[in-house]
Amino acid sequence: MIPVELFDFTATQYVLIWSALSLLVLLLCLRPPASLKLVANEQGELRISRRALHRLIETCCEQLRGVATARATVGRRGGKFTVTLRLTVRPNAKLDAIQGYLTQELAEVFRENLGVGEIGRVKVKVVGITRDPAAF
């Protein structure tokens, strides 16, 4: 038999427990899906995992000579994909040229590789500067 004192909570404790449980359920429901639907028509649908999409964009960014590493985050706002890039650049990088090139290149990747007509904003954040490998 379970002692009655084990479940003897005050009203405040019950409210806190139920609030924590409902917050947990809410967070699980609002979690972004693991894959994104790119195209859906009567023949079927095309989906891509978030991880694969991030790696595709990061690889595109890292092909530039001025970019050392890249981290991409993709979301959807108003039916358009928004891309946030966190770049670590080399000291000789031309930031305005990198931003312009990446905006055009990502629009082309989305249009030609993924079949998405247009994308939303591309935000570029420089989070660090690394040494030039030729200086070693």
Side-chain angles (χ1 to χ4, degrees):
M1 195 90 176
I2 299 175
V4 176
E5 296 86 27
L6 184 63
F7 296 108
D8 191 22
F9 294 121
T10 65
T12 307
Q13 290 172 332
Y14 276 118
V15 168
L16 288 175
I17 290 170
W18 282 108
S19 298
L21 286 174
S22 34
L23 180 64
L24 180 65
V25 168
L26 182 67
L27 288 176
L28 287 174
C29 291
L30 293 178
R31 189 180 75 192
S35 64
L36 297 169
K37 186 187 314 181
L38 297 175
V39 178
N41 55 26
E42 53 276 344
Q43 297 154 347
E45 67 180 31
L46 174 63
R47 299 182 77 83
I48 186 169
S49 73
R50 285 187 182 273
R51 185 167 177 84
L53 184 57
H54 293 174
R55 283 302 304 147
L56 176 67
I57 294 170
E58 290 165 6
T59 303
C60 177
C61 295
E62 290 171 356
Q63 291 176 356
L64 290 175
R65 206 172 344 161
V67 177
T69 61
R71 284 276 156 224
T73 306
V74 179
R76 233 185 209 177
R77 188 168 295 236
K80 294 182 180 179
F81 288 100
T82 59
V83 180
T84 302
L85 299 171
R86 296 171 48 93
L87 304 177
T88 302
V89 296
R90 295 192 172 86
N92 60 350
K94 307 273 190 271
L95 297 179
D96 58 340
I98 288 175
Q99 192 269 338
Y101 176 77
L102 286 177
T103 302
Q104 291 175 349
E105 187 69 21
L106 290 179
E108 185 176 320
V109 165
F110 272 84
R111 185 175 44 255
E112 292 182 11
N113 293 14
L114 304 175
V116 176
E118 61 181 271
I119 64 172
R121 295 182 52 149
V122 176
K123 300 176 189 173
V124 178
K125 297 178 184 178
V126 176
V127 295
I129 298 176
T130 187
R131 291 185 187 192
D132 197 6
F136 288 113

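Because only heavy atoms are used, hydrogens play no part in the values below, and waters and symmetry mates are left out as well, while side chains stay in. These numbers were taken from a predicted model, which means no experiment stands behind them.
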Colleague: With no hydrogens and no angle check, is any side-chain donor or acceptor of Gln104 less than 3.5 Å from a backbone partner on Tyr101?
Modeller: no
Colleague: So for atom CZ, which belongs to Arg71, do other residues, nucleotides or ligands contribute more than 12 heavy atoms lying within a distance under 6.0 Å?
Modeller: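 Incorrect, the count does not exceed 12.
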Colleague: Does Leu85 belong to the same Ile/Leu/Val/Met/Phe/Trp/Tyr cluster as Val127, with side-chain heavy atoms less than 4.5 Å apart forming each link?
Modeller: no
Colleague: Nearest heavy-atom pair of Arg55 and Thr59: which atoms, and what distance?
Modeller: O-OG1, 2.8 Å
Colleague: Nearest heavy-atom pair of Val67 and Cys61: which atoms, and what distance?
Modeller: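 Nearest pair, atom of Val67 first, then Cys61: CB-O, 3.5 Å.
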Colleague: Does one hydrophobic cluster hold both Leu21 and Tyr14, with members joined at side-chain heavy-atom distances below 4.5 Å?
Modeller: yes
Colleague: So, Glu108 and Arg111, do they make that salt bridge, N to O below 4.0 Å?
Modeller: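 So Glu108 does not pair with Arg111 through a salt bridge.
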Colleague: Is any side-chain heavy atom of Thr88 closer than 4.5 Å to one of Ile129?
Modeller: no
Colleague: Work out which heavy atom in Cys60 is nearest to a heavy atom in Glu105; give both atom names and the distance.
Modeller: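 Looks like SG-CG, 3.1 Å.
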Colleague: In Å, rounded to the nearest 0.5 Å, how long is the span from OG of Ser22 to CG of Leu27?
Modeller: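 The CG atom of Leu27 is 10.0 Å from OG of Ser22, to the nearest 0.5 Å.
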Colleague: Counting only N and O atoms by type, is there a donor-acceptor contact under 3.5 Å from the side chain of Asp96 to the main-chain atoms of Gln99?
Modeller: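 Not a single qualifying donor-acceptor pair exists.
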Colleague: Going from CD1 on Ile57 to CD on Glu62, what distance comes out if it is rounded to the nearest 0.5 angstrom?
Modeller: 12.0 Å
Colleague: Could you tell me whether Arg65 atom CZ has more than 12 heavy atoms of other residues or ligands within 6.0 Å of it?
Modeller: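 It does not: Arg65 CZ has 12 such atoms or fewer within range.
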Colleague: Once you round to the nearest 0.5 Å, how far does NZ of Lys123 lie from OG1 of Thr82?
Modeller: 6.5 Å
Colleague: Closest approach of Thr130 and Ala68, non-hydrogen atoms and distance?
Modeller: CG2-CB, 3.3 Å
Colleague: If I compare all heavy atoms of Leu87 with all of Leu102, which pair ends up nearest, and what's the gap?
Modeller: CD1-CD1, 4.0 Å
Colleague: Using a 4.5 Å cut-off on heavy atoms from C-beta on, say whether the side chain of Trp18 contacts that of Leu23.
Modeller: no
Colleague: Could you measure the distance from the CD atom of Glu58 to the OG1 atom of Thr73? Nearest 0.5 Å is fine.
Modeller: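 It is 8.0 Å, given to the nearest 0.5 Å.
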Colleague: With hydrophobic residues grouped by side-chain heavy-atom distances under 4.5 Å, do Leu46 and Leu114 end up in a single group?
Modeller: yes
Colleague: So how far is it from Ile119 CD1 to Phe81 CZ, rounded to the nearest 0.5 Å?
Modeller: 10.0 Å
Colleague: Going by side-chain contact (heavy atoms from CB on, under 4.5 Å), Leu106 matches just one of Val122, Leu56, Val74. Which one?
Modeller: Val122
Colleague: For Pro91 and Arg131, work out which heavy atoms get closest and say how close.
Modeller: CD-C, 4.3 Å
